[in-house]
Amino acid sequence: MSQIKPRVFKGARDFLPEQMLHRERITDVMRKVFKKYGFSPIETPAIEYLDVLAGKYGEDADRLIYRLDYKSGTKDQAALHYDLTVPFSRLVAMNPDLTLPFKRYQIQPVWRADRPQPHQGRFREFYQCDIDAVGSKSMLIDAEMVAIAYEVLKTLGFTTFIIKINNRKILNGITQYAGLEASMTQEVCRSIDKLDKMSWDDVEKELIEKEFPDSSIQKLGNLLNKNLTLDNLSEALPDNALAQEGIAEIRELFGFLKELGVDSQYYSFDLSLARGLDYYTGPIFETKLSDQPHMGSLTGGGRYDQLIGMFTGKEMPAVGTTLGLDRIFTAMQQLNMLEPIKTSTKVLVAVFSKEEMKNSLQLASQLRAFDIATEIFPEPDKLKKQFTYADKKGIPFMAILGQTEIEENKLTIKDLRTGKQKLMNIEEAVKVILGNLTLED
RNA sequence: GAGAUUGUAGCUCAGUCGGUUAGAGCGUCAGAUUGUGGUCCUGAAGGUCGCGGGUUCGAUUCCCGUCAUUCUCCCCA
């Protein structure tokens, strides 16, 4: 018989319970925080018409969209969504009667056809956990994006992250100040972006290689060869309306962050942050781990006031951010933040014989009525085997209900972690399993 | 897309300066008084040495190609 070699698609992964339990916990934290700020869930199809997606992200990213063979080359060509922001914008365009501001969250996988790099948390299939709000230009919404990212990461136990904040308007202003075409912003940003890894001298060399005019490079150098604060930058560009507008926005945003109670050691203005996606128009943010520099950004987002207009012809302000589940999960693995766990079952009810099975089933029902995650061994078997099963799965308690217990109308509970066990009634057993009572010797 | 790295048991890796039956640890399974696991002991199963070709009396080992993997750059969640 011929066999097919089982394999997973490159850059995609299977998740076993020991991973999924953690991933679910992470998204549970997110959902809770998202809802706390008034965001409501939506979902959009994994598949979209190519023309909905194409031309929104920029040339490089467009190439990474997974196109589907189905009806290739026609207007109806399909593709897997590359992110959740563009499909969401499409949805907003198709639902003009949404009550504004509309705040939604969306947790779904997205697909990108680039080279996987697991160590950096880079995959072809990965989950984005998006929050976006449309219909308001208020910097308070932008601040909420940062506040939510902060709260989620903090709750998960991260201590070394930094949310970098910049503004597309400032970057455009700098390009303008350097006497370059607006279309060059992307290229300038690409070099500016490297300032967190390279010195200005090295970036300058690169700009020379890219054949930027000397005068422009010099002007860029004046701004970039030192770590500029927002105030320094403002003083350096007194006549640049674009940059000043961007600076004012960031100041307002920072003000809101302070009032929202976000600890200022976890965010900062960073001129070297230059997010590549084409659709950003205002503030942009990105989270890095200072002790995991190889790891890609954990979160990223920004304001995109023009994107929805590409579908409606009418400008509609919007801002959002995405929390990268796979990045967060991978970082937590690498930082040993995840306790090994294989199951959420709290107790395994042993089964002695066919006759005593109904007693075991009854006990299981009683325990479940107390919301205790209970498993029952599916058939009578040697106790040893049932213990081994519980031990391997990491189930903390065994409930033993044999002839002796049944006669006394009690049961034996054993804590597999300590090895202690005791004959008791059901009420007592519930307390022990829930951790409200400790087994004594 | 550019460069580098590695490919031997389910996993992590030894090893053969080219030579007969390729090893270990962990894991898996089965035993040691049929109401007690995780420690210990005994035993067992499990490998076309990535694939194709070349050199050779002989290749898992050397050479070429190929596929795959991982890492760095680029970019991103």
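Reminder, nothing fancy here: chain letters follow the sequence lines and each chain counts from 1. Source: prediction; values computed, not measured.
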Visitor: Kindly write out the residues that satisfy side chain to side chain donor-acceptor pair (under 3.5 Å) with R122(A), not counting sequence neighbours, or none if the list is empty.
Guide: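 Once residues adjacent in sequence are excluded, the partners of R122(A) under the side chain to side chain donor-acceptor pair (under 3.5 Å) criterion are D114(A).
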Visitor: Rounded to the nearest angstrom, tell me the gap between atom CD1 in I400(A) and atom C1' in rG37(B).
Guide: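 For the pair I400(A) CD1 and rG37(B) C1', the rounded distance is 10 Å.
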Visitor: What is the minimum heavy-atom distance between G320(A) and M145(A), and which atoms define it?
Guide: CA-SD, 3.8 Å
Visitor: Does K384(A) put a side-chain nitrogen or oxygen below 4.0 Å from OP1 or OP2 of rG38(B)?
Guide: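 No, outside the criterion.
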Visitor: Could you state the atom-to-atom distance from NZ of K420(A) to C1' of rG37(B) in whole Å?
Guide: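 Atom NZ in K420(A) sits about 17 Å away from atom C1' in rG37(B).
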Visitor: Considering only atom C1', compute the distance from rA22(B) to rU8(B) and round it to an integer number of Å.
Guide: 8 Å
Visitor: For RNA chain B, what are the stems built from at least three Watson-Crick or G-U pairs in a row, each pair having both distances below 3.5 Å?
Guide: B:1-4 with B:70-73, B:10-13 with B:23-26, B:28-31 with B:41-44, B:50-54 with B:62-66
Visitor: For atom P, what is the distance between rG50(B) and rA14(B), given to the nearest Å?
Guide: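 Result for the P pair: 14 Å, nearest Å.
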Visitor: Cation-pi check, R31(A) to F39(A): give yes when NZ or CZ is under 6.0 Å from the six-membered ring centre and within 45° of the ring axis, no otherwise.
Guide: no
Visitor: Report yes if some heavy atom in the side chain of L298(A) is under 4.5 Å from a heavy atom in the side chain of F158(A); otherwise report no.
Guide: yes
Visitor: How long is the straight-line distance from CG of N425(A) back to CD of E427(A), given to the nearest 0.5 Å?
Guide: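 With rounding to 0.5 Å, CD (E427(A)) is 5.0 Å from CG (N425(A)).
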Visitor: For atom C1', what is the distance between rC13(B) and rG27(B), given to the nearest Å?
Guide: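 It comes out at 14 Å once rounded to the nearest Å.
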Visitor: Between C1' on rU36(B) and CG on L348(A), what's the gap in Å once rounded to a whole number?
Guide: 12 Å
Visitor: At under 4.0 Å between heavy atoms, which parts of nucleotides 68-77 of chain B does protein reach? Answer with one letter per nucleotide, 5' to 3': B base, S sugar-phosphate only, - none.
Guide: -SSSBBBBBB
Visitor: With C1' as the reference atom in both, quote the distance from rC63(B) to rG10(B) in angstrom, rounded to an integer.
Guide: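 The answer is 33 Å between these two C1' atoms.
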Visitor: Distance only, no hydrogens: is a donor on one side chain within 3.5 Å (strictly under) of an acceptor on the other, for T412(A) and Q421(A)?
Guide: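 Per modelled atom types, T412(A) and Q421(A) side chains form no pair under 3.5 Å.
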Visitor: Using the P atoms only, state how far rU60(B) lies from rC49(B), rounded to an integer number of Å.
Guide: 6 Å
Visitor: Relative to each other, are the rings of F102(A) and F88(A) parallel, tilted or perpendicular (30° and 60° limits)?
Guide: parallel
Visitor: Figure out the CG/C1' separation between L416(A) and rG38(B), and round it to whole Å.
Guide: 8 Å
Visitor: Rounded off to whole Å, could you give me the CG-to-P distance for the L439(A) and rU36(B) pair?
Guide: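 Result: 19 Å.
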Visitor: Using atom C1' of each nucleotide, how far apart are rG18(B) and rG25(B) to the nearest Å?
Guide: 28 Å
Visitor: If each of K382(A) and Q403(A) is mapped to the nucleotide of RNA chain B with the nearest heavy atom, which maps nearer the 5' terminus, i.e. the 5' end?
Guide: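 Its nearest nucleotide being more 5', the pick is K382(A).
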Visitor: Indicate, yes or no, whether a donor-acceptor pair under 3.5 Å links the base of rU36(B) to the side chain of K414(A).
Guide: yes
Visitor: Tell whether K385(A) reaches the base of rG37(B) with its side chain through a donor-acceptor pair below 3.5 angstrom.
Guide: no
Visitor: With distance as the sole criterion, do the side chain of E405(A) and the base of rG35(B) form a donor-acceptor contact below 3.5 Å?
Guide: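 Looking at the base of rG35(B), it does pair with a donor or acceptor on the side chain of E405(A) (distance under 3.5 Å).
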Visitor: For the CD atom of Q176(A) and the CG atom of L171(A), what is their distance to the nearest 0.5 Å?
Guide: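 So the gap between those two atoms works out to 12.5 Å.
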Visitor: Could you tell me how the ring of F15(A) sits relative to the ring of F329(A): parallel (under 30°), tilted (30 to 60°) or perpendicular (over 60°)?
Guide: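 It falls in the perpendicular class, over 60°.
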Visitor: Does D391(A) contact rG38(B) through a side-chain donor or acceptor facing the base, at a distance under 3.5 Å?
Guide: no
Visitor: May I have the step-by-step check of side chain to side chain donor-acceptor pair (under 3.5 Å) for Y57(A) and D83(A), ending in yes or no?
Guide: CA-CA 10 Å; Y57(A) 307 105; D83(A) 70 356; 2.7 Å; yes
Visitor: Write down the distance separating the C1' atoms in rC51(B) and rU42(B), rounded off to the nearest Å.
Guide: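 The same atom, C1', in both gives a distance of 40 Å.
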Visitor: Using the P atom in both, what is the distance from rU21(B) to rG31(B), to the nearest Å?
Guide: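 Taking atom P in both rU21(B) and rG31(B), they lie 34 Å apart.
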